[in-house]
Each structure stands twice: as structure tokens, then as C-alpha cells.
Amino acid sequence: MSALQTFDAIVVGGGPSGATAATDLARAGRNVLLLDRAGRIKPCGGAIPPRAIRDFAIPDSLLVARVRSARMVSPKSKKVDMPIENGFVGMVDRAEFDEWLRERAAANGATRVTGNFERFERDPDGVAVIVYNKPDGTEARARGKVVIGADGAKSQVARQCVPGSDHVRYVFAYHEIVRSPRHGTGEFDSARCDVWYQGQISPDFYGWVFPHGDTTSVGSGSAKKGFSLRKSVTDLRAAAGLAGQETVRREGAPIPLRPMKQWDNKRDVVLAGDAAGVVAPASGEGIYYAMAGGRLAGEAAAAFLDTGDVKALATARRRFMKAHGRVFWILGMMQWFWYSSDKRREKFVKLCEDPDIQRLTWDSYMNKELVRRDPMAHVRIFFKDMAHLLGFASA
Ligand SMILES: Cc1cc2nc3c(=O)[nH]c(=O)nc-3n(C[C@H](O)[C@H](O)[C@H](O)COP(=O)(O)OP(=O)(O)OC[C@H]3O[C@@H](n4cnc5c(N)ncnc54)[C@H](O)[C@@H]3O)c2cc1C
């Protein structure tokens, strides 16, 4: 018998995915350890859809702004506004948001531990042991019947336990948090997200200005080696009239480009969120998908604990891809085609003037379902898209 305490589940990483998995498992009466390293705020634009607020009971107090439209800016500086008919995009500050999620897990009974996951081992009886460094530098260990790796992009749990994680490709994203100007100063609107599609801002992704109440996130992303994101954000701040605003923080992080092919080790480890490569292509949206993936990983872990059947672990990926795989595929195609040249970006922004496209875009973003109530809108969009792809429509 090991002298170490054995948890039903150990969750490594207390971001949106890990905290959600830990909360759900603890609520279901499991004995859960939630391990998170302290001290770094996750770099993030912090935009979340109403579906995330609804499904994961996010309180109003965590929303620092409510965004009611998006402005798309083309290479030739054409501006297309896309108002949201019913509802809003919620903006969260990750320092408060993530801490609140971790505290919710603890309030539901999870044991919260601060420490840095170092390595994965096994006891002689085959049970998983995670080894971590405590803040005082000493090493500690815990045993888990199942381990959820939710330690973000470049996950160590994934690297040590799940094949294929060393082949994941990333967009690198960088942003500067600036003090927000007063609403209405120049073009600044505290209830509008601006999305910049210009090759000089990003050759393969986009730049953004996301208002967060007192502060605003101005950022850009690219997978191209050698592309200077710092220069791009300096240019973007100048173009958006934010060059003179005080800079509060500068930070960046990788965003995985596509879901990994395998999320579990076929024995007792399953991944969730960025660790599993789950971020929507084209938009870079990851918070909702991390929480949804955390929930599915929690359910897969619970089924495994109940039955001992290792196949239960694979249901996390299967169920996630069933729900979101088609949207990820469409977004991947969009990114590949529309973000590849300024000529195409110009057409893409023009397409966004279309009311059908605006409605479908918002409906699917807000509710995370492909809209079925207006099938003709899909048909109209298909033909409009084809016309643009084939060059029949004027730019
Ligand atoms: C610049 C930028 C802007 C973005 N903007 C948006 C946006 O506006 N909206 C959106 O939906 N998504 C956005 N994303 C994506 C989103 O931030 C991620 O997809 C999301 O945070 C993933 O959640 P997660 O829980 O899987 O991982 P993370 O949020 O990365 O959480 C991982 C957790 O694991 C912990 N951890 C890591 N390593 C260890 C270790 N060794 N030991 C212990 N703990 C560890 C970390 O402390 C962290 O708390 C953005 C990403 C970037 C980089």
C-alpha cells in the first residue's frame, strides 16, 4: 500500500477546462485534486459567448463588458459593422475569471493545490502518480485513479502521456492590455469588438481590439515564423487610435491550431482544452470549447471510474468532435481560404455586409450550433460564397 493519498481524479491545470472538470467531478461526489501553478495571468482576449455563460453558470459579476457589435476592417480600411440582434458577447478578465472558476471547484469539494506539475510516474501497483513542485521548491506527489491533463497549450501531461502531442502546430498570439479611452473618443466604442483583416497586421490570422471596461486588449496572431507580432500590435494601436494609451501589460501565448487525434493514453489519462489542441480555427476562440471539453473529460473520467473500461476515456474526444467537429472543419477551411491574401481578405470583409451571413455568424457563435431554422439562408450563403470563390462577384 502506498503512503500517498489516492484521489479518484487528479486535474492538472486550473484554467477554464481543468476548473470545469474539477467542479463537475467534485459535484458528483468524487474525491478530486486540482493542481494549478500560480502566478501567471493567461494572456487572452477574454470574449465568451452566451452559450458559455448559460452552460457553465457564469455570474454577471464576472462580465467586465458586454459587446453588442463587431467591426470588420479590411486591407483597404473598409469597415463593416455586424450588430448583434439579440444578446451580447461577454468579456471576462482572466485573472478574476480563472480564480473564480478554481474557487468554485474548491467550494464544491475539490482539494486545491498550488504547484507546478513536473512528471508522471506509476506506483508499483500501476496507479498513476503525479509529481509536482510546491511554491517553496519542495517536491510532492499524489496518486490518482484517473488524471485529466488540462495544463494548456504545450501541456506537459500531454507530452509525457499521450502520443502525437509533439506534432501539434500553433498560432502565436500576442496582445497589449491598454488603458481604455473614454467611450466615443475617436473611433473607440466600449461595446464593440474590432477585428482587423490586414496582411500587415497578420499574414494568416487577424488583429483585434477587444474592450474590457477600464482596459482594452489589442492583439494579433500568426503562425508565420519571423513575423513580428510586437510591430503588428504597435501598428494596430496606431491605426486604432490607441498608440498614446497607457500600456498595462504585454504578453503572448501559443494557440493550438487543431484538435489532437488522440486525447487519452488508453489507460488512465485524458486531455481537455488547449492541452487537447481544442481552439476554433479562424477565430481562435478557446474558452467555451475548453469548458465544454473539460465537462466531457470529467464525464469520461467518471464513466471510467464507474466501469474500469478504458474505452470510456475516448468518449471525451468522440463526443466533442460530434458536437463541434463540423464547425471546426468549416472554420479551418475559412481560415485557409479567406486569410491567405489581402485580395481575399477584402472580399471576405465585403461578404460580412450580407445580412444572412451576419445572422448565421452570430447565431452559430452565440449558441454553438449550426442554425437549422432557416435552411434557405445556408443555401443563399453557399451560392454567394461560391460566387466569391470563383470570382463572379465584384469585390
Ligand atoms: C492572446 C490570446 C487571446 C485569446 N483570446 C481569446 C478570446 O477572446 N476568447 C476565447 O474564447 N479564447 C481566446 N483565446 C484562447 C483561450 O485563452 C484558450 O483556448 C483557453 O484559455 C484554454 O483554456 P484551458 O483551460 O484549456 O487552458 P489555459 O487557460 O491555458 O489553462 C491552463 C492552466 O494550467 C496551468 N498549468 C500549466 N502548466 C502547468 C503545470 N506544469 N503545472 C500546473 N499547472 C499548470 C496554468 O496555470 C493554467 O491555469 C486566446 C488565447 C490567446 C493566447
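Counting convention: from 1, in listed order, for ligands and their atoms alike.
- For atom 4 (C) of ligand 1, the closest non-hydrogen atom of the protein is Gly45 N, 3.2 Å.
- Proximity of Gln156 to ligand 1, defined as any heavy-atom pair under 4.0 Å, is not found for any part of the residue.
- In this structure, Gly115 counts as a contact residue of ligand 1, since one of its heavy atoms falls inside 4.0 Å of the ligand.
- Between Glu251 and the options Cys44, Pro43, Ser217, a side chain to side chain contact (heavy atoms under 4.5 Å, CB included) holds for only Pro43.
- Residue, atom and distance of the protein heavy atom nearest to atom 10 (C) of ligand 1 are Gly286 N, 3.3 Å.
- Under a hydrophobic clustering in which Ile, Leu, Val, Met, Phe, Trp and Tyr are joined whenever their side-chain heavy atoms come within less than 4.5 Å, directly or via other members, Tyr170 and Trp208 fall into the same cluster.
- Heavy atoms of Arg94 approach ligand 1 to within less than 4.0 angstrom.
- Ring planes of Phe320 and His324: tilted class, angle from 30 to 60°.
- Using a cut-off of 4.0 Å between Lys/Arg side-chain N and Asp/Glu carboxylate O, Asp123 and Arg143 are scored as salt-bridged.
- In this structure, Phe210 is a member of the same hydrophobic cluster as Leu63, with clusters built from ILVMFWY side-chain heavy atoms closer than 4.5 Å.
- Inspection of the Ser180 and Thr216 side chains reveals an N or O donor paired with an N or O acceptor under 3.5 Å.
- Residue contacts with ligand 1, taken as heavy atom pairs separated by less than 4.0 Å, do not involve Val278 at all.
- Nearest residue to atom 19 (O) of ligand 1 from Thr20, Asp274, Leu35 is Asp274 (criterion: closest heavy atom).
- Nearest-heavy-atom check against atom 23 (O) of ligand 1 across Ala275, Ala290, Gly221, Gly39 picks out Ala290.
- At a 4.0 Å cut-off, at least one heavy atom of Phe210 sits close enough to ligand 1 to count as contact.
- Ranking protein heavy atoms by distance to atom 9 (N) of ligand 1, first place goes to Ala47 O, 3.0 Å.
- At least one heavy atom of Ala150 lies less than 4.0 angstrom from ligand 1.
- The side-chain heavy atoms of Thr315 and Leu296, taken from C-beta on, include no pair separated by under 4.5 Å.
- Residue-level proximity to ligand 1 for Glu118 is absent, since no heavy atom of it falls below 4.0 angstrom.
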Next item on the list: Assess whether side chain to side chain donor-acceptor pair (under 3.5 Å) is satisfied between Arg249 and Thr215, documenting all intermediate values.
Entry: CA-CA 10 Å; Arg249 274 195 333 264; Thr215 59; over 6 Å; no
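- For atom 44 (N) of ligand 1, the closest heavy atom belonging to the protein is Arg37 N, 3.2 Å.
- The aromatic rings of Tyr289 and Phe328 lie perpendicular to each other, with more than 60° between the two planes, well past the 30° mark.
- Relative to atom 40 (C) of ligand 1, the option among Asn116, Ile287, Asp151, Ile255 with the closest non-hydrogen atom is Asn116.
- For atom 35 (C) of ligand 1, the closest non-hydrogen atom of the protein is Asp36 OD1, 3.1 Å.
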